[in-house]
Amino acid sequence: MNGLSEVLLAPTPEAWVAAASVRWRELLNDHAQCEKKAASTALALMFAYPQDRPLAAALSRLAREELRHFEQVQKLMTELGVPFERQRPGRYAAGLRTALRTADPGRKLDLLLTGALIEARSCERFGLLAPRLPAQAGGFYAQLARSEARHFEQYLELAQRAAPPQWRRRLQELAAHEARLATAPDPQLRFHSGPPPVPVPEGVE
């Protein structure tokens with residue numbers, strides 16, 4: 001099975017890791033939203049392709065696990081006194097959608113591969129943050145890294161089954177697009193954003 005280095009074409013920039021390690025409580029709001037979106041993505045695929053029973057069975061389990069993760073993030077937010085805040089959508093997911101085909105047979109493959117890329121990026125970032133956070137959050141993120149590894153492998157397996165001749169070439173195309181989104185400077189710090197802008201010291205023009 002493919003490892004992270006075969007799926008993600010660029011590592012998360014150290015500037016993102018450094019900022020997220022300090023501002024991780026702030027990121028919990030976005031993290032909770034990401035878990036809900038991951039569940040809704042799996043459910044949407046089940047509704048879009050109801051005739052694909054293996055896909056429905058796999059994504060039903062995945063959606064349940066993502067919702068459990070959402071509940072766990074909400075519990076952590078409550079324990080830490082982090083309030084819920086509405087957020088504008090980040091550019092990462094919207095940017096990924098611009099590269100997707102809108103009609104089948106290509107649409108199904110693109111949706112599955114995009115699911116794999118998002119889960120792979122989540123797995124990488126949970127793993128990067130886990131050793132840098134306090135024990136409670138760090139242990140939780142280490143656990144999530146293992147879960148996301150299963151999820152991106154599941155999406156890749158479904159993609160390979162859906163389009164055996166094309167999936168690898170198309171993965172490379174979408175992965176190149178994902179790598180640009182995950183590494184380019186981003187005005188907002190989000191769980192899947194690029195690195196935040198470097199603040200200019202006072203008095204420096």
Side-chain angles (χ1 to χ4, degrees), residues 1-13 15-17 20 30-31 33-49 52 54-56 58-59 61-63 65-66 69 89-128 144-195:
M1 181 52 62
N2 298 270
L4 280 176
S5 62
E6 298 176 76
V7 178
L8 301 177
L9 297 188
T12 288
W16 183 92
V17 181
D30 187 53
H31 180 185
Q33 298 305 314
C34 288
E35 299 292 358
K36 283 197 297 185
K37 290 173 187 174
S40 68
T41 295
L43 292 172
L45 277 164
M46 292 170 61
F47 279 103
Y49 303 101
D52 191 335
L55 179 144
L59 295 185
R61 292 190 295 271
L62 189 150
E65 187 169 8
E66 299 288 15
H69 294 166
R91 67 172 174 80
Y92 178 84
L96 285 176
R97 285 194 293 271
T98 64
L100 305 187
R101 290 171 286 187
T102 58
D104 279 317
R107 176 175 178 267
K108 183 179 183 181
L109 176 62
D110 284 5
L111 289 170
L112 292 170
L113 291 175
T114 299
L117 287 165
I118 293 172
E119 298 287 343
R121 185 62 69 183
S122 297
C123 174
E124 180 217 25
R125 292 190 171 185
F126 285 134
L128 290 169
L144 289 179
R146 293 189 290 272
S147 297
E148 302 304 276
R150 294 197 309 274
H151 295 172
F152 89 74
E153 290 175 353
Q154 182 73 75
Y155 272 116
L156 281 183
E157 289 173 4
L158 292 169
Q160 291 175 46
R161 187 171 59 81
Q166 296 94 19
W167 76 273
R168 194 178 296 276
R169 175 184 55 80
R170 186 57 177 159
L171 173 61
Q172 291 297 303
E173 294 170 352
L174 293 176
H177 186 59
E178 190 277 342
R180 289 190 292 271
L181 290 168
T183 58
D186 205 309
Q188 300 170 315
L189 180 65
R190 296 292 175 81
F191 198 83
H192 291 100
S193 71

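We're numbering straight along the sequence, starting at 1. What's counted below: heavy atoms across the whole structure, side chains too, no hydrogens, waters or symmetry copies.
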Spatial distance of atom [atom1] ([X]) from atom [atom2] ([Y]) [nearest 0.5 Å]:
| X | Y | atom1 | atom2 | result |
| --- | --- | --- | --- | --- |
| L113 | E178 | CG | CD | 12.0 Å |
| H151 | R61 | NE2 | CZ | 10.5 Å |
| L8 | C123 | CG | SG | 8.5 Å |
| R168 | E173 | CZ | CD | 13.5 Å |
| S122 | H192 | OG | NE2 | 3.0 Å |

Test L112 against every option in L156, L55, L171 by the side chain to side chain contact (heavy atoms under 4.5 Å, CB included) rule and name the one that passes. L55

Pick from Q154, E124, E66: which one makes a side chain to side chain contact (heavy atoms under 4.5 Å, CB included) with E119? E66

So do [Y] and [X] actually touch side chain to side chain, heavy atoms under 4.5 Å?
| X | Y | result |
| --- | --- | --- |
| L117 | F152 | no |
| T12 | R121 | yes |
| R161 | L158 | yes |
| R107 | T102 | no |

Is it the case that the side chains of [Y] and [X] hold a donor-acceptor pair, with the cut-off being a distance below 3.5 Å and no angle test?
| X | Y | value |
| --- | --- | --- |
| E35 | H31 | yes |
| D104 | Y49 | yes |
| S193 | Q188 | no |

Identify, with sequence neighbours excluded, every residue that meets side-chain contact (heavy atoms from CB on, under 4.5 Å) alongside R150. E65, S147

The test is ring pair (Phe, Tyr, Trp, His ring centres under 6.0 Å); show your working for H69 and F126 and say whether it passes. CA-CA 13 Å; H69 294 166; F126 285 134; 8.1 Å; no

Show your reasoning for whether side-chain contact (heavy atoms from CB on, under 4.5 Å) applies to D52 and K108. CA-CA 11 Å; D52 191 335; K108 183 179 183 181; 2.7 Å; yes

What residues, two or more places apart in sequence or in another chain, satisfy ring pair (Phe, Tyr, Trp, His ring centres under 6.0 Å) together with Y155? none

Considering all heavy atoms of both residues, which atom of [X] and which atom of [Y] are nearest to each other, and what is their separation?
| X | Y | value |
| --- | --- | --- |
| R170 | L100 | NH2-CA, 4.4 Å |
| P195 | A184 | CD-O, 3.5 Å |
| P11 | T183 | O-CG2, 3.7 Å |
| R125 | P13 | NH2-CD, 4.5 Å |
| A176 | L9 | N-CD1, 3.6 Å |
| G95 | L181 | C-CD1, 3.6 Å |

Between W16 (side chain only) and R190 (backbone N and O only), is there a donor and an acceptor less than 3.5 Å apart?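 Side chain of W16 to backbone of R190, a donor-acceptor pair under 3.5 Å: yes, one is there.
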
Give a yes or no on whether the backbone of R101 and the side-chain of D110 come within a donor-acceptor separation of less than 3.5 Å. yes

side-chain contact (heavy atoms from CB on, under 4.5 Å) between L174 and T114, worked out: CA-CA 7 Å; L174 293 176; T114 299; 4.2 Å; yes

Between Y92 and D186, is the side-chain contact (heavy atoms from CB on, under 4.5 Å) condition met? List the steps. CA-CA 9 Å; Y92 178 84; D186 205 309; 5.9 Å; no

